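Basis for what follows: all heavy atoms, side chains included, without hydrogens, waters or symmetry-related copies. Given the structure is predicted, the values throughout are model-derived calculations rather than measurements.
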Amino acid sequence: MNYYLELFGYLGSLLIILSMMFTSINKLRIINIIGSIISLIYSIIVDAWPIVILNASLIIINSIQLIKDYYRSSRLNNCRRYFNIKKYL
């Protein structure tokens with residue numbers, strides 16, 4: 001097995017592990033998506049299809065949740081502006 005290919009796989013795993021240390025859920029999801037994409041590419045190259053399914057699922061789930069969070073926060077900010085509510089409320 002190619003040495004650089006192995007390092008690429010370890011990088012993906014490391015990013016997924018590091019993403020769990022973030023306190024911000026959005027940062028966690030973004031780093032997790034990046035790590036999952038790297039792991040997905042590595043898994044396809046080495047023909048590890050169960051891991052491909054796992055990483056593809058993680059990418060889809062985290063992406064959907066990020067989109068939901070974005071729209072939820074933008075709607076909340078619009079309501080705050082409309083009703084002139086302070087951000088700390």
Side-chain angles (χ1 to χ4, degrees):
M1 186 68 55
N2 188 349
Y3 175 74
Y4 293 109
L5 181 62
E6 290 289 326
L7 284 178
F8 190 68
Y10 283 119
L11 174 65
S13 298
L14 180 65
L15 285 174
I16 292 171
I17 292 168
L18 287 177
S19 73
M20 297 300 158
M21 296 180 168
F22 285 99
T23 55
S24 166
I25 193 70
N26 288 338
K27 288 180 187 175
L28 180 149
R29 290 188 192 285
I30 291 168
I31 299 299
N32 196 286
I33 288 171
I34 294 168
S36 294
I37 290 170
I38 293 171
S39 293
L40 177 77
I41 294 168
Y42 173 76
S43 302
I44 290 171
I45 292 171
V46 298
D47 291 329
W49 297 107
I51 307 303
V52 169
I53 294 169
L54 171 69
N55 285 310
S57 300
L58 285 174
I59 292 167
I60 292 168
I61 291 167
N62 282 320
S63 298
I64 289 171
Q65 290 302 321
L66 273 176
I67 292 167
K68 283 183 178 179
D69 288 347
Y70 172 77
Y71 283 114
R72 190 177 304 126
S73 69
S74 66
R75 265 194 319 234
L76 182 60
N77 287 334
N78 288 339
C79 288
R80 285 181 178 144
R81 268 194 301 267
Y82 182 75
F83 292 109
N84 198 20
I85 298 172
K86 300 291 182 204
K87 184 151 182 127
Y88 54 83
L89 292 178

Any chance you could measure [X], atom [atom1], to [Y], atom [atom2], to the nearest 0.5 Å?
X: L28; Y: Q65; atom1: CG; atom2: CD; answer: 11.5 Å
X: S24; Y: I30; atom1: OG; atom2: CD1; answer: 7.5 Å
X: D69; Y: N62; atom1: CG; atom2: CG; answer: 10.0 Å
X: I34; Y: S39; atom1: CD1; atom2: OG; answer: 12.0 Å

* Asked: With sequence neighbours excluded, what pairs up with N26 under the side chain to side chain donor-acceptor pair (under 3.5 Å) test?
  ->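 With sequence neighbours excluded, N26 shows a side chain to side chain donor-acceptor pair (under 3.5 Å) to no residue whatsoever.
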
All N/O donor-acceptor pairs, side-chain side in residues 46-60, below 3.5 Å, sequence neighbours left out:
from : atom 1 : to  : atom 2 : distance (Å)
N55  : ND2    : I51 : O      : 3.1
S57  : OG     : I53 : O      : 2.8

* Asked: Are I67 and Y70 connected, step by step, through hydrophobic side chains (Ile, Leu, Val, Met, Phe, Trp, Tyr) whose heavy atoms are closer than 4.5 Å?
  ->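 As far as the 4.5 Å side-chain criterion goes, Y70 and I67 are connected within one cluster.
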
* Asked: Is it true that I37 and L5 fall in one hydrophobic cluster, defined by side-chain heavy atoms closer than 4.5 Å?
  ->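 Looking at the clustering, L5 is in the same group as I37.
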
List, one per line, each side-chain donor-acceptor pair under 3.5 Å for residues 7-23, sequence neighbours excluded.
from : atom 1 : to  : atom 2 : distance (Å)
S13  : OG     : G9  : O      : 3.3
S19  : OG     : I16 : O      : 2.6
S19  : OG     : N32 : ND2    : 3.2

